[in-house]
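What follows is a short report on a single structure.
Each chain gets a letter, A, B and so on, in the order its sequence line appears, and its residues count up from 1. Values below: every heavy atom of this structure, side chains too, minus hydrogens, waters and symmetry copies.
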Amino acid sequence: MQKLKKYFFERKTAVVAKELLGQILVRKTEKGLISGIIIETEAYLGKEDLASHANRGKTPRNQIMFAEGGFWYIYLIYGIHHCLNIVTEKNNRPGAVLIRALEPLRGLKEMKINRQTENIKNLTNGPGKLCQALKIDRRLNQTSALNADSELFIVQSKISIPENKIKKAPRIGVDYAGIWKDKPLRFYIKDNLFVSKR
DNA sequence: TATTGGATCGCC
DNA sequence: GCGATCCAATAG
């Protein structure tokens with residue numbers, strides 16, 4: 001049960017996004033632990049990346065993207081859903097990885113309650129869905145994933161994902177981003193049943 | 001101060 | 001394919 005540490009996150013965002021595949025996201029709640037294997041991520045880079053919230057510089061919402069690695073960046077999208085990101089790179093180097101999908105591991109019962117469905121494949125196969133399943137909202141925004149008392153953190157997996165099981169693709173929902181919409185900054189595990197769908 | 005549109009989801 | 005529903009970001 002080894003938490004990922006600061007040096008893991010303080011690297012190039014695309015590298016972190018890729019290496020997060022297979023790692024385990026853990027949520028501590030009053031009802032116990034809820035966890036899942038990270039099977040899909042997207043990298044959002046700095047001000048050059050037209051799809052990234054950081055591209056217009058620091059604002060009240062995105063300021064945590066400019067912090068040192070290992071903080072959570074959680075925001076509300078479309079007025080309804082939350083998106084979960086982990087901040088990457090060193091202080092003043094904006095970047096974050098969007099966690100798009102999980103393979104459920106523990107706390108299945110809680111996830112079903114939180115998501116109001118019995119269908120396991122529909123619990124965590126999308127960024128908004130996994131936040132609902134793990135009870136993640138903006139109360140956790142700007143908190144650290146690195147502390148002993150973190151309510152949300154990532155545990156190192158014993159199993160590493162072989163290179164030939166990792167797929168790269170353009171990011172989803174960023175058609176407005178010019179040449180950046182086609183960059184292969186989305187990473188997912190091939191043939192995994194919980195990859196989000198278009 | 002007003003307007004616009006989004007790193008989504010679920011139902012029509 | 002479209003509406004839900006909030007609020008950050010920008011323009012005026």
Taking a pair to mean Watson-Crick or G-U wobble geometry with both distances below 3.5 Å, B:dA7 pairs with none
In whole angstroms, the gap separating P of C:dA8 from OH of A:Tyr78 amounts to 16 Å
(Q) Tell me whether the side-chain N/O atoms of A:Thr59 come closer than 4.0 Å to OP1 or OP2 in C:dA9. (A) yes
note: A:Lys197, atom NZ; B:dG10, atom C1'; distance rounded to Å ~ 11 Å
When A:Lys90, A:Arg93, A:Lys6 are each screened for salt bridge (Lys or Arg N to Asp or Glu O under 4.0 Å) with A:Glu68, the one that passes is A:Lys6
Per atom distances to the A:Arg56 side chain, the nearest of C:dC7, C:dT10, B:dT8 is C:dT10
To the nearest angstrom, the CG-P distance between A:Leu84 and B:dC9 comes to 13 Å
Rounded to whole Å, the NZ-P distance (A:Lys183 to B:dA7) equals 18 Å
To the nearest angstrom, the CD-P distance between A:Gln116 and B:dC9 comes to 17 Å
Side-chain contact check for A:Asn62: nearest option of B:dC9, C:dA9, B:dA7 is C:dA9
Please confirm whether the ring centroid of A:Phe71 lies under 6.0 Å from the ring centroid of A:Tyr73.
no
Checking B:dG10, C:dC6, B:dG6 against the side chain of A:Leu76 (C-beta onward), the nearest is C:dC6
- Task: Give a yes or no answer on whether the side chain of A:Asn147 reaches the backbone of A:Asp149 with a donor-acceptor pair at less than 3.5 Å.
- Result: no
The answer to which of A:Arg138 and A:Ile80 contacts DNA chain C further toward the 5' end, by nearest nucleotide, is A:Ile80
Whole-Å distance, A:Arg61 CZ to B:dG6 P, equals 12 Å
Could you go through A:Arg27 and A:Glu151, starting from their C-alpha distance and side-chain angles, then the distance that decides it, and tell me whether this counts as side-chain contact (heavy atoms from CB on, under 4.5 Å)?
CA-CA 6 Å; A:Arg27 173 77 167 109; A:Glu151 292 178 43; 3.3 Å; yes
| query | When only distance counts, do a donor and an acceptor, one from the side chain of A:Tyr75 and one from the base of B:dA7, lie under 3.5 Å apart? | reply | yes
When rounded to whole Å, the NE2 to C1' distance for the pair A:His81 and C:dC7 reads 15 Å
Among B:dT8, C:dC6, B:dG10, the one nearest any side-chain atom of A:Ile77 is B:dT8
Rounded to whole Å, the NZ-P distance (A:Lys121 to B:dG10) equals 15 Å
Applying the 3.5 Å cut-off to both distances, the Watson-Crick or G-U partner of C:dT5 turns out to be none
Next on the checklist: Is it the case that the base of C:dA8 and the side chain of A:His53 share a donor-acceptor contact (distance under 3.5 Å, atom types as modelled)?
Outcome noted: no
*If you measure from the P atom in B:dA2 to the same atom in C:dT5, how many Å do you get, rounded?*
23 Å
Query - A:Lys18 and A:Glu163 ion-paired at < 4.0 Å - result: yes
Testing C:dA8, B:dA7, B:dC9 for proximity to the side chain of A:Pro127, the answer is B:dC9
